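By convention in this document, chain letters (A, B, ...) are assigned in the order of the sequence lines, proteins followed by strands, and residues within each chain are numbered from 1. Not measured: the values here are computed from a predicted model.
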Number of protein chains: 4
Amino acid sequence: MIVVLKQGASQEQREDLIEWIKSLGLDVHLSIGKMQTVLGLIGDTASVDKELIEGLAIVESVVRITEQFKKANRKFHDDDSVFEVGNAKIGDGNFMMIAGPCSVESEEQICAIAESVKASGAQLLRGGAFKPRTSPYDFQGLHADGIELLLKAKKLTGLPIVTELMDISQLKYFDEVDVIQVGARNMQNMELLKQLGKEKKPILLKRGLANTLKELLMSAEYIMAGGNEQVILCERGIRTFETAMRNTLDIGAIPALKELSHLPVIIDPSHACGIARYVKPLTLAAAAAGADGIIVEVHNNPEKALCDGPQSLKPEQFAELVKSVEKVREAVK
Amino acid sequence: MIVVLKQGASQEQREDLIEWIKSLGLDVHLSIGKMQTVLGLIGDTASVDKELIEGLAIVESVVRITEQFKKANRKFHDDDSVFEVGNAKIGDGNFMMIAGPCSVESEEQICAIAESVKASGAQLLRGGAFKPRTSPYDFQGLHADGIELLLKAKKLTGLPIVTELMDISQLKYFDEVDVIQVGARNMQNMELLKQLGKEKKPILLKRGLANTLKELLMSAEYIMAGGNEQVILCERGIRTFETAMRNTLDIGAIPALKELSHLPVIIDPSHACGIARYVKPLTLAAAAAGADGIIVEVHNNPEKALCDGPQSLKPEQFAELVKSVEKVREAVK
Amino acid sequence: MIVVLKQGASQEQREDLIEWIKSLGLDVHLSIGKMQTVLGLIGDTASVDKELIEGLAIVESVVRITEQFKKANRKFHDDDSVFEVGNAKIGDGNFMMIAGPCSVESEEQICAIAESVKASGAQLLRGGAFKPRTSPYDFQGLHADGIELLLKAKKLTGLPIVTELMDISQLKYFDEVDVIQVGARNMQNMELLKQLGKEKKPILLKRGLANTLKELLMSAEYIMAGGNEQVILCERGIRTFETAMRNTLDIGAIPALKELSHLPVIIDPSHACGIARYVKPLTLAAAAAGADGIIVEVHNNPEKALCDGPQSLKPEQFAELVKSVEKVREAVK
Amino acid sequence: MIVVLKQGASQEQREDLIEWIKSLGLDVHLSIGKMQTVLGLIGDTASVDKELIEGLAIVESVVRITEQFKKANRKFHDDDSVFEVGNAKIGDGNFMMIAGPCSVESEEQICAIAESVKASGAQLLRGGAFKPRTSPYDFQGLHADGIELLLKAKKLTGLPIVTELMDISQLKYFDEVDVIQVGARNMQNMELLKQLGKEKKPILLKRGLANTLKELLMSAEYIMAGGNEQVILCERGIRTFETAMRNTLDIGAIPALKELSHLPVIIDPSHACGIARYVKPLTLAAAAAGADGIIVEVHNNPEKALCDGPQSLKPEQFAELVKSVEKVREAVK
């Protein structure tokens, strides 16, 4: 950590500050220049409060050099993390296709989609039971009943399931859920993250709408610090000024997260764009850029065409997508 | 709600869509132009799922004309809402000064600050007991003990208190808290909002880092739909590309929210900029632009100057701020 | 164009407005609902000033349904545009590799790079002669001399050249330049765009840092309206809150622009990320998502390693990139 | 400037780098820590290319400590800059009201508005002759004829005039213009800025839509480096995710720019929000936050109500605004 002092700082103030920093167990390296004086803080600065130091009257700016995340950090864990989900691996060269409907609606619906996506090559079934909706007047999901239906589809097909947890109080329904999803709106719900640190199963952590990659890794760190190191990072589009699509997929997040961390990285093309016909190009881009998988919305209701989600693929589109992904993965091997 | 159809839509598809819309209890007004066909949906469209219609193959775009928020909407509630907190009013021409430390640290600290800010003109005491921190390695607050200390300061000074709730499970400690704060990171924690809809006290709802004003009002609507109509809206800076300050205070949110809604609007200048010396200009700007108050950080520890929060005022700065605010309020009356 | 009237608008005001709209040569379709009255403007609304109507006292909101760009619009020009540059085509299934140094520095440098990238498969040589730098104290390019050197490299290798024009006054040096580049900072330099509408050669138009896709297409429209329909659109990263990379590559811009327009779309991975080691994943993502090419920085100065641009590839990295791109293109065919 | 080296950097590489830095005329202060090695560059680093160093293989990150702008920098010019425009001062405690129509339309129009705003207290007349429009099909202004009309209004009222220059080729019409405006879209039109560095009159420099305050100051530096130190900074709203208003007024830019620079700072409330009824609260906020003036749109055409700009005040609203501003200025003195 580098602390730049203001021009007017007196020697006494500077020495007080150095003494205080040393009391935190750190060494200080002092560099007095013509224009400014710089302190280098040496030691474990992860728990030093940057904002506290920035607030001091004699300090001009503070730069953190070492990242605050440790367990999620590539520097301290060189090999890629690999987790097992059902018979499949997330990481280790496997491109995991996670597919299913936006919301679980009925046994018939979820079972039919589960069978269909399994046949096409999906390795994990997704489906929303607890739905975070912007409006209190929109459909909020089937709740515990939705999870029951997911479990029926799991039993039928053998596909492990992933579904979103919105509040700690819902955790009691998640015993047989294979992967717990934390939605973008809850990425910094710290109490929820702490609780998930006690679980023994993978957590699929979605990046918040306007959170930096380092904040995403700090949220992963919350889970990992609690003892659960199985965190799957998910880029799902960020909020920018552009309105042509619902969000802007940050494709560069894939190489950037892979460099900063050893955790697997997947993409959610459905929420990133909100438009089904863009799901294929975004998925192929993610595969080409080195992602470890995608989580994608697939629906099946040919007879109720009016209720197509705008961002959901039809089963036959999903089947075709799986084949295209395989070709791209082969090409970039 | 306006639905624009694609050029290629057949008459049959159009009629199917119209029939389906009518089945939702709405009327449809059809307008066939040279370049496009437009449907006007007439009736209560607040619960119509815009994205569902956008996803239909024959639809080019959908425009919502009536806002989805009702209870928070100025159109259905012309008069400004006014709530009582202790002896003070929020709204009704009163500019409420809410002041106190970032975190509650000790009985001595919180009581000294409470007495000081009361003497200077604060009407409500703030102080964090449950702290949402980006890093799991940063200080997380005193939790229930912190609330105990706030209550001691309340008893001592008579100042009502506001403090942040991070999870439903903490609600048991909030019985004697006067105003419950929902932090920016939890603005779309829908389960939390629903629960607060059952409370009988004002909720101070902070705008999320990257949430639109309409999303803020939808979150207020979650609370109000549950039965608690006492929501105070708080603009606390949004995340933009600018890095000179921690966030960008959206001063225009004051007139915009006042126009869209009848709820009171306050500003958090401390978090908006993250720099104590900018708190005064931002506060005066907020007073001039018509805000109903501010929530500001004030600390007192002359002997531990190193622990100043970068965004906290000293007590004497707060006292001076109150006087300046009064003059500006007088000027813009 | 849809005009939504305020609730309080009188019949007389409404009729005045309708009469005025008709005086612009448009038809009006009136729809009176319970909650609001809506006017549908029918005819060529591209030249109607949306903001002017929004400003009227009786108007609540205005929605443009037909895009304002015409010559650039896919709706009026169904087939993909294809332009010839030297012996190569931009569009028509060809993935054009445009490569070269950030700045032209010397004859030796530009000629060596030109020969190298040609051997690896580049079809167009890039190189900056007039450099837009944020600081007046940074190197501003070799100006006209730089263009002379580019022309020498063109003569030597046969590669056509693309270089940036910053001001109309520089146009006199561009006679033998094959493709003129408009930089991101000049995307809305309207006088420059108008002038380029009189040229007879392709214009490579970069998206501004914070410009929407529709604004990019309006800038293309400026050039095309002047008579030059050879515009190549270039996504080069947008400015967002994320600071892990210099900019955020908007990969979704590829399918979105392809849908809105018939013009070819290329990507600039070097400026999008600012980090050479991310150029490959971003390029492969662009190829997988359907781009028509890339413009990439390649340097060659093994002996002056200190002057590597942070975003430039070495020649051997470029050669490898070309091969990987070919494989991905084959996979997504 | 601080250069953090990667963990793997060899001693030889480090020494090569240090030698090269010294060849630039700088001293280097070396600090070897357990986790990283840090170089402090001492001397005039304004012309050191940060990105060049960041690109070196052994460098992890580079932090610029001294700002690159010098002539615009408060550190080297402690007193506020004050410029004379006509009989008025910009800066020195004067709150300058710059008012006039969006576009100059006719002699009658501009003269009537000029007389009206002068009577209400405006000190400078604004009006667009060369108009930067997003669409080539929108009205582009009266060009040189518009400037002629502005000069007639100047002669009639004695008010000095400010109007926008879009291209160097238009400069010949600006001889009698008192203040030259550079629009937001041209903030980084470096050739234009260089040319304006040779002028002897104040330049009103608008902040670009998505440019940081430091970039704004670098653009001011371009003008000042050329010899013209009369630059007026103008915050006019930035582009964010919020769509309730056209742009987001960055009110914090006022104290931030005042701290970074000695140049005067004004606000453009009309373009910041795009809505006339928000102009007053934003103007009062700017006055309360310490701005040196505003540039505001005022129109006068009672008979052509349909052509009101959505962001323009009526003359009587402007007169009232001037009075309110005076009261706020008095209050914050």
Taking all non-hydrogen atoms of both residues, which atom of [X] and which atom of [Y] are closest, and how far apart?
X	Y	value
Ile251(D)	Ala285(B)	CG1-CB, 3.9 Å
Glu235(B)	Ala253(B)	OE1-CB, 4.2 Å
Lys71(B)	Glu221(B)	N-OE2, 2.9 Å
Pro264(B)	Asp292(B)	CA-OD2, 3.3 Å
Phe241(B)	Arg239(D)	CE2-O, 3.8 Å

*Heavy-atom distance under 4.5 Å to chain D: side chain of Asn211(B), backbone, both or neither?*
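Backbone only.
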_Residue selection (most heavy-atom pairs with chain D, distance under 4.5 Å) from Thr212(B), Leu249(B), Leu284(B)_ =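 Most heavy-atom pairs within the cutoff with chain D belong to Thr212(B).
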*Contact class of Arg329(D) relative to chain B, heavy atoms under 4.5 angstrom*: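 Neither the backbone nor the side chain of Arg329(D) comes within 4.5 Å of chain B.
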*In terms of heavy-atom proximity below 4.5 Å to chain B, should Leu282(D) be classed as side chain, backbone, both, or neither?*
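The answer is the side chain of Leu282(D).
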_Less than 3.5 Å apart, any donor N or O on the side chain of Ser312(D) or Glu297(D) sitting next to an acceptor on the other?_
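The criterion, which ignores hydrogens and geometry beyond distance, is satisfied for Glu297(D) and Ser312(D).
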*Which residue out of Glu330(D), Glu242(D), Lys280(D) racks up the most heavy-atom pairs below 4.5 Å with chain B?*
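Most pairs with chain B among the choices: Glu242(D).
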*Are side-chain heavy atoms of Val296(B) and Asp268(B) found at a separation under 4.5 Å?*
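The answer is no; the side chains never approach within 4.5 Å.
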*Going by residue number, which parts of residues 255-263 of chain B are within reach of chain D, meaning a heavy-atom gap below 4.5 Å?*
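Pro255(B), Ala256(B), Glu259(B), listed by number.
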Ignoring hydrogens and angles, write down the donor-acceptor pairs under 3.5 Å from the side chains of residues 90-99 of chain D, residues two or more places apart or on other chains.
{"unit_1": "Asp92(D)", "atom_1": "OD2", "unit_2": "Lys89(D)", "atom_2": "NZ", "d": "3.4"}
{"unit_1": "Asn94(D)", "atom_1": "ND2", "unit_2": "Lys89(D)", "atom_2": "O", "d": "2.5"}
{"unit_1": "Asn94(D)", "atom_1": "ND2", "unit_2": "Gln123(D)", "atom_2": "OE1", "d": "3.1"}

